[in-house]
Amino acid sequence: MFNLLRMDLYRMIRSRAVYICLGIMLGLSILCCFMVWMFETPEGQNMALRLGMVEISELAEMEAVGSVLEEMDFLEMFRDMGMDGGSHCTMLGIVVALFVCMDFNSGYIKNIMSSHRNRWGYVVSKVLAVGILNFGLIVISLLFTLLANLVLHMVPFVSPAQILFYLAWAWLVSTAFAALIILICVLTRSTAMGVLGAVFIGSGMVTVAASAFTDLFHMGRWVEYTLYFNLSYGPSAYSGAGDLKVFVVGLVFLVLYSLAAAVVLKKQDI
């Protein structure tokens, strides 16, 4: 399995899709940071006024309402820029779908299975490789947001322990989502289905629509145990044993989807 993991990491590093999605994520972060600085800080508002992007009356209304940054810290800004809204999971899911389905579309999986007949090891290798990629994407996004905040002085920082707590469970939950995309790809062997799953599930559209329907029958509590809900509304700091629920949810879905993918792959013909 170590050789499979090493091969997957090598192929992932050389994949253009990884860098394209990373560029999109950083581009969205740049746009969000610029818009927040432009319309929520005095320096940015003065620049917007000079450039004609806002009128004096609009600026006065914004000052009367107050800046949203007054009640925001660094971690909350980082979450609002992509993690909570689902853009991180969507980008990660697209990369995973392209990466996994490439094995089926090119016939490369036949060569892999001829040398490594353990299909459980194939799925575990994919999950580990995706987990490493996910960790790298989260850390790069965090460091970029940190640098932007240092330069623009937008929001106060939080303690390293608070950041580590959030990163730990956010990584676990988002990796569980990536395992779901692996399951979809193994089940359908379709890049289109994998990408559609990443977009509709990662963005929360499926969860929100299903929750709205079940709310009509007062059966909406199930949404609290979904990956999208926990990633979007999970705790930013540890305050008690109840905050560990996000770890349990992430771990359960990660194991469940990984086992399901391995079972499906084992029962299918390659």
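Small disclaimer: the values here were computed from a predicted structure and weren't measured. When a residue number appears, it is its place in the shown sequence, counting from 1.
Both cation-pi conditions hold for K245 and Y225: the charged atom is under 6.0 angstrom from the six-membered ring centre and inside a 45 degree cone around its axis.
Shortest non-hydrogen contact noted between Y228 and T207 is CB-OG1, 3.9 Å.
The ring of Y166 has its center closer than 6.0 angstrom to the ring center of W169.
At most 12 heavy atoms of other shown residues, nucleotides or ligands fall within 6.0 angstrom of atom CZ in F135. More than 12 non-hydrogen atoms from other residues, nucleotides or ligands lie less than 6.0 angstrom from CE of M205. Within a 6.0 Å radius of CZ in F200, other residues, nucleotides and ligands contribute 12 heavy atoms or fewer. Counting non-hydrogen atoms of neighbouring residues, nucleotides and ligands closer than 6.0 angstrom, the OH atom of Y233 reaches no more than 12 such neighbours.
By the 4.0 Å N-to-carboxylate-O rule, E224 lies close enough to R221 to be salt-bridged with it.
Side-chain atoms of V173 and V249, non-hydrogen and from C-beta on, never get closer than 4.5 Å to each other. Looking at heavy atoms from C-beta onward, P156 lies out of side-chain contact with F74 at the 4.5 angstrom threshold. Side-chain atoms of M25 and S141, non-hydrogen and from C-beta on, do get closer than 4.5 Å to each other.
A donor-acceptor contact closer than 3.5 angstrom links the side chains of D8 and S125.
Residues L164 and L75 are members of separate hydrophobic clusters, defined by side-chain heavy-atom contacts under 4.5 angstrom among Ile, Leu, Val, Met, Phe, Trp and Tyr.
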